[in-house]
Amino acid sequence: MAEQSASKSILLTQKLYRALWIATTASNIGTSMQNVGSAWLMTSLTPSPLTVALLQTATSLSLVLFALPGGAFADVFDRRRLLLVAQYFMLTIAVILSMLSFTGIVTPSILLTITFVLGLGAAITMPAAMGASLELVPRSEARHAITLGGVSVNIGAAVGPTLGGFIVAASGPWFVFMLNAISFVGLIVFLHKWKRSTKLGELPPERVFGAMRAALRYIRHSPHIHGLFVRDLAFSIFGSALMALLPILTRHDLHLNSTSFGILIGCFGFGAIISGFVVLPRLPKKLSIEWRVGGAIVIFASTMAILAYKPDFVLLCFAMIAGGIAQLTIISSLNFGAYRSAPKWVGIRVLAVHILVFQAGMTGGSVLWGVLANQIGVSSTLFFASLGLLIGLVTMVRHRLLSGKDVDMTPSLHWSVPQVAADIHPDDGPVLIEIEYIIDDSKSNEFEYAVQDLRNLRLRDGAISWGLFKDVANPSRYVETFVAESWAEHLRQHERITKTDKEIQDRVNTFHVGKTDPIIDHFIGTTMPKKDNITRVK
């Protein structure tokens, strides 16, 4: 327990990581102030719960649409430059919103549009920022870095709304929008000073669309990631009701002012800080990630149920603190599960799709609860959402989250480099790989069953097709084939195979009874020569 807390402290003593964390936290405070100002401004523009809930939808929708491209950009382009462009972009949009608000020409549609555009900047920033922070720490400290990232977000959620509530009451929303613009300056300064070391590999970098396809292919053939996404949706759809309906609950049901609204959101963020620095480090090591998430969901559902019954303000504050503790526990566990679900080469893209799925649940949930609140009221809607969270716990039975001990995603690098006699370029292809096995007839069924695990590995790591064939003249001879799009893509497969994958491959090889290791052949695709270039022989 003390070791986990010490690890977080050690990370914050590292100069470069500390500078990034502080700058990010300042930006998160500005973003939270912006959210309070936008929500309060929207409640003054329209009394519709659906329109107010659409603010969260606008942010979430931009993340849904652009999270995967953002992950691909983070892996293909220089992350420092990408982050710089995104920060300047969001600073400009925040200034524009501040000026429009100051002049009083903001409408609900303008506010929703600008919120969406700011979310677009966040969608590009989030995967690159997560990649940058993980780049600055050893992989063994990734869990602590992810938790500290969540703490940073929730420090913003604790401080920003309280400040934002006071500032909105004193000066109006336009001023918090301007402060949000200023909050990007710290990150911009850090990024200008950061001398990031870039390692140039021997292979050409992936293209953006190719990187996106590779990520989707990896996810498609990784059942454990499918389970993670189910868990994302089980929480995000129902959990989105809290923040989507809190503004309208505070103003129209509880008849509180903007300061009280800011304090409630601040309590939620304060709970997350307690979770990151106090609760999570002191949880027993034997407590599995499943029990952490399950217990936290019960607490979060209880928070929404308490809000549904509209108790006095003090009890509301304590309920929001408990909700903040629960949410950080859930989100940091899901983020770590996503990080552990993929090797380094595709990890940021998998994290980006995890964010996409989570935000898709938030987007759909926000609309759903806004529509339902229009029909049955905010309190009843919060109660049904809390009940849905509890029912969603059944997903724990079938879809388990990966812990740090389940898999080893370290590259094994055990594939030997193919011997090449011809002049082959990286873009040449397709490439056909054949692996010949000699199998004892009595073990053929077991072999055919075991080799199916290789199918997922080949397709996940870059193959566009896979097959297993049996020699009709020699039933003990099997040939496994798979095809890669290009020579470069096949060489990337050499780098992508992990130590856990090697264990599967070794298990398949135990069925091989040949005198030598399985024979591996590589074939490069050829193009048909044009008729004009063929010399006719009479």
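Between W415 and F482, the angle of the ring planes lies from 30° to 60°, which puts this pair in the tilted group. Taking the six-membered ring where the residue is Trp, H490 and W487 present tilted rings, their angle falling between 30° and 60°.
Heavy-atom minimum distance, S152 versus N28: OG-ND2, 2.9 Å.
Here the rule is side-chain contact (heavy atoms from CB on, under 4.5 Å) with L91, and of V185, N180, I182 only V185 fits it.
Rounded to the nearest 0.5 angstrom, E503 CD and Q505 CD are separated by 11.5 Å. Note: D501 CG to R460 CZ = 4.0 Å, rounded to the nearest 0.5 Å. Between the CZ atom of R231 and the OG atom of S236 there is a distance of 12.0 Å, given to the nearest 0.5 Å.
With respect to the salt-bridge test (charged N to carboxylate O, under 4.0 angstrom), the residues R496 and D461 do not qualify. No salt bridge links R492 with E495; every basic N to acidic carboxylate O contact stays at or beyond 4.0 Å. Salt bridge E489/R217: present, at least one basic N to carboxylate O contact under 4.0 Å.
Judged by distance alone, with hydrogens and angles left aside, the side-chain atoms of W466 form no donor-acceptor pair with the main-chain N or O of R458 at under 3.5 Å.
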Would you be so kind as to tabulate the donor-acceptor pairs closer than 3.5 Å made by side chains of residues 113-124, with sequence neighbours excluded?
{"from": "T113", "atom 1": "OG1", "to": "S109", "atom 2": "O", "distance (Å)": "2.8"}
{"from": "T115", "atom 1": "OG1", "to": "L111", "atom 2": "O", "distance (Å)": "2.7"}

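No more than 12 heavy-atom neighbours from other residues, nucleotides or ligands sit within 6.0 angstrom of CZ on F209.
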